[in-house]
Trainee: 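Quick one: the structure is below, and I'll ask about it shortly.
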Amino acid sequence: MMADKVRTRFAPSPTGTVHLGSLRTALFAWLWARHAEGDFVLRIEDTDTKRFDPDSVAGIMEGLRWLGLDWDEGPDIGGPFGPYTQSERGALYRDHAQRLLSSDKSYRCFCSPERLQRLRQEQRAAKRQPQYDGACRHLSHDESAARAAVGEPFTIRLRLPAQAQITFHDVIRGDITVAASTLQDPILVKSDGMAVYHLAAVVDDHRMHISHVLRGEEWIATAPYHVLLYEAFGWDTPAWVHLPVILNPDGKGKMSKRHQGERHLPVNVQDFMTAGVLPDAMFNFLSLLGWTPDASKELFTRQELIDRFELAMISPAAAKMPYAKLEWMNGEYVRRLSSQAFRSVSTPFLARAFGKSETAVDQMAGLDYVLPEIQTRVKTLREVAPWLSWAFKSAADMEYTPIDMLIGRQLDARQSAETLEVCQAMLEEAVPFEPKVLQALFRVAAQEQDMKLGSLLGPVRGAISGAKVSPPLFEMMAALGRRECQARIHRAHTALVAEDVARS
RNA sequence: GCCCCCAUCGUCUAGAGGACUAGGACUCAAGCCUUUCAAGCUUGCUACAGGGGUUCGAAUCCCCUUGGGGGCACCA
């Protein structure tokens, strides 16, 4: 046995993408390994061939890398205790099952799935706990061996020892005691010869020297089987750490997509990636979901989180996923980005939103005027594009409907048109065509017209952006350039005049 | 139905018997700032699920009730 080195693992089954709850489990396991300068292992649990999705392994790795969780051993990089994919470890499990069989700690069960299902139904109907009735428990060695030799299909079940109750220690919750009467001899090996999770996970965790098993609390109910298996093999158990589940925002059940309806709240790692959540923000946010390193603050660097992480400080209570807080935190991280960094992380989102190549977006020099302004206005990167739709159009594409967007506060259509005329005339004077110069000019104009700056700017904002709400005007204008601004104002003016005629 | 886990503001949480007139953050509301919308700053609202114990003293320990969650597969 190795020294008491901390070794944790993340052991997803490749049946889809990484779910929020799994991601948090992976993060905590990683934090604990890094905190203790131990190892973090990635293991793929694909013993269920029916549900296996070959593409999902890549997705899992992509998600972990995105969050910044690197693994020291895993299917792609190997390691001293490989292979790290359970489907490649079948012989090992069969060998261990055999050991249990020879020592009579397990037995062959010839019951068909149909019989078992019927049994469960009857028990449920009788309001009793669905449980294996132990039909094959006392088969003689000879009969068992003979039936197997003839080729009759069988599973292997663990023979639970006779004891009143089983107690194990959970790092977060303390001792948990379960009455043995609620347990049944669990299947270890399926009739196709493949190990079931319980066997595979226990054998692997032991062989891979996992010191702390972090997993969701949905595993508490089956933990006694694992403890009993360790006992049957004569091995020391790892420390058990059952993390609380993450609930839907409405508190109804575990986080899942089906509960979100039309709202499409992000649930899988990829959802958060496409929503434009920053990995650093997600890392910070997820760390604080169930754990508080310091009650007086919310924003922590990765290193601070690693340094302070403590398993025993994790809350045992399930939490409803606080999306609003994630958004807020992501906004904090967005605002802390340098202008350059913000531009580069936004580029892919802009390219996708406007159907352009990233290079094309990169070449739009004018964006540098407005992007820093947008940086304070978004919480996620996906929100950047809607602030910039005006930048990806030409004057000819501008549509001013409803027309109100061109009408200034306390002005009518005619007055708004006149305002545009004044501004139009002014644009030639703006040299260079920069936000500061434009601002100075417009302030003077507002004074001369005896108008509030806001009123004067209203129609121009509409003309330039095609909306009543937009990024700061002068930055937009500088981004577009003099010619384009003139063209838009002209077009808007025409629309206003037409409106004025229609109204009178 | 049975077993297990959990329970502080609307939400995420601090709190490990006295430092609690229960702290922070998000959300929400108001004000300031202001070029629309944000951001920023200031202020405000709101909680120990209920009932019994233990104790000089309980949000903190115990029990019951209630509520919520998880589990009860040849899935993980």
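The chains referred to below are lettered A, B, ... by the order of the sequence lines, with proteins before strands, and numbering in each begins at 1. Values below: all heavy atoms of this structure, side chains included; hydrogens, waters and symmetry mates excluded. This structure is a prediction, so every number in the text was calculated from the model and none was measured.
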Trainee: So which nucleotide does B:rA39 pair with, by the Watson-Crick or G-U wobble rule with both distances under 3.5 Å?
Mentor: none
Trainee: Using only side-chain N and O atoms of A:Lys190, determine if any of them is under 4.0 Å from OP1 or OP2 of B:rA73.
Mentor: no
Trainee: For B:rU35 and A:Arg443 - does any side-chain N or O of the residue sit under 4.0 Å from the phosphate oxygens OP1/OP2?
Mentor: yes
Trainee: When you measure from the side-chain N and O atoms of A:Thr15 to the phosphate of B:rC75, is any distance below 4.0 Å, counting only OP1 and OP2?
Mentor: no
Trainee: Base, sugar-phosphate, or nothing for A:Arg173, non-hydrogen atoms under 4.0 angstrom?
Mentor: sugar-phosphate
Trainee: Would you classify A:Glu217 as touching base, sugar-phosphate or nothing, given that sugar-phosphate means primed atoms plus P, OP1 and OP2, and contacts are heavy atoms under 4.0 Å?
Mentor: sugar-phosphate
Trainee: Can you check whether A:Arg335 has a side-chain N or O nearer than 4.0 Å to OP1 or OP2 of B:rG40?
Mentor: yes
Trainee: Under 3.5 Å, is there a donor-acceptor pair between the A:Arg51 and A:Thr15 side chains?
Mentor: no
Trainee: Classify A:Gly290 by what it touches in the nucleic acid, base, sugar-phosphate, or nothing, heavy-atom distance under 4.0 Å.
Mentor: sugar-phosphate
Trainee: Do A:His169 and A:Asp175 meet the criterion of a side-chain donor-acceptor pair at a distance under 3.5 Å?
Mentor: yes
Trainee: For B:rC28, give the paired nucleotide (Watson-Crick: N1-N3 plus N6-O4 or O6-N4; G-U: N1-O2 and O6-N3; both under 3.5 Å), or none.
Mentor: B:rG44
Trainee: Assign A:Thr376 to base, sugar-phosphate, or nothing according to its heavy-atom contacts below 4.0 angstrom with the strands shown.
Mentor: base
Trainee: With both distances kept under 3.5 Å, what pairs with B:rC2, Watson-Crick or G-U wobble?
Mentor: B:rG71
Trainee: Mind checking if A:Phe442 touches a base, just sugar-phosphate, or nothing, with heavy atoms under 4.0 Å?
Mentor: nothing
Trainee: The side chain of A:Pro472 lies closest to which of these nucleotides: B:rG23, B:rU36, B:rC75?
Mentor: B:rU36
Trainee: So A:Cys109, base contact, sugar-phosphate only, or nothing? Heavy-atom distance under 4.0 Å.
Mentor: nothing
Trainee: Is A:Ile220 touching bases, backbone alone, or none of the nucleic acid, heavy atoms closer than 4.0 Å?
Mentor: sugar-phosphate
Trainee: Is any side-chain nitrogen or oxygen of A:Lys320 closer than 4.0 Å to OP1 or OP2 of B:rG69?
Mentor: no
Trainee: Kindly point out which of B:rA39, B:rU36, B:rA76 is positioned nearest to the side chain of A:Arg377?
Mentor: B:rU36
Trainee: From C-beta outward on A:Ala324, which listed nucleotide comes closest to its side chain: B:rA76, B:rC5, B:rU27?
Mentor: B:rU27
Trainee: What distance, rounded to whole Å, do you find between the two P atoms, one in B:rC20 and one in B:rU13?
Mentor: 23 Å
Trainee: Decide whether a cation-pi geometry holds between A:Arg308 and A:Phe300; the criteria are a distance under 6.0 Å from NZ or CZ to the six-membered ring centre and an angle within 45° of the ring axis.
Mentor: no
Trainee: Kindly say if A:Thr292 contacts the phosphate of B:rA14, meaning a side-chain N or O under 4.0 Å from OP1 or OP2.
Mentor: yes
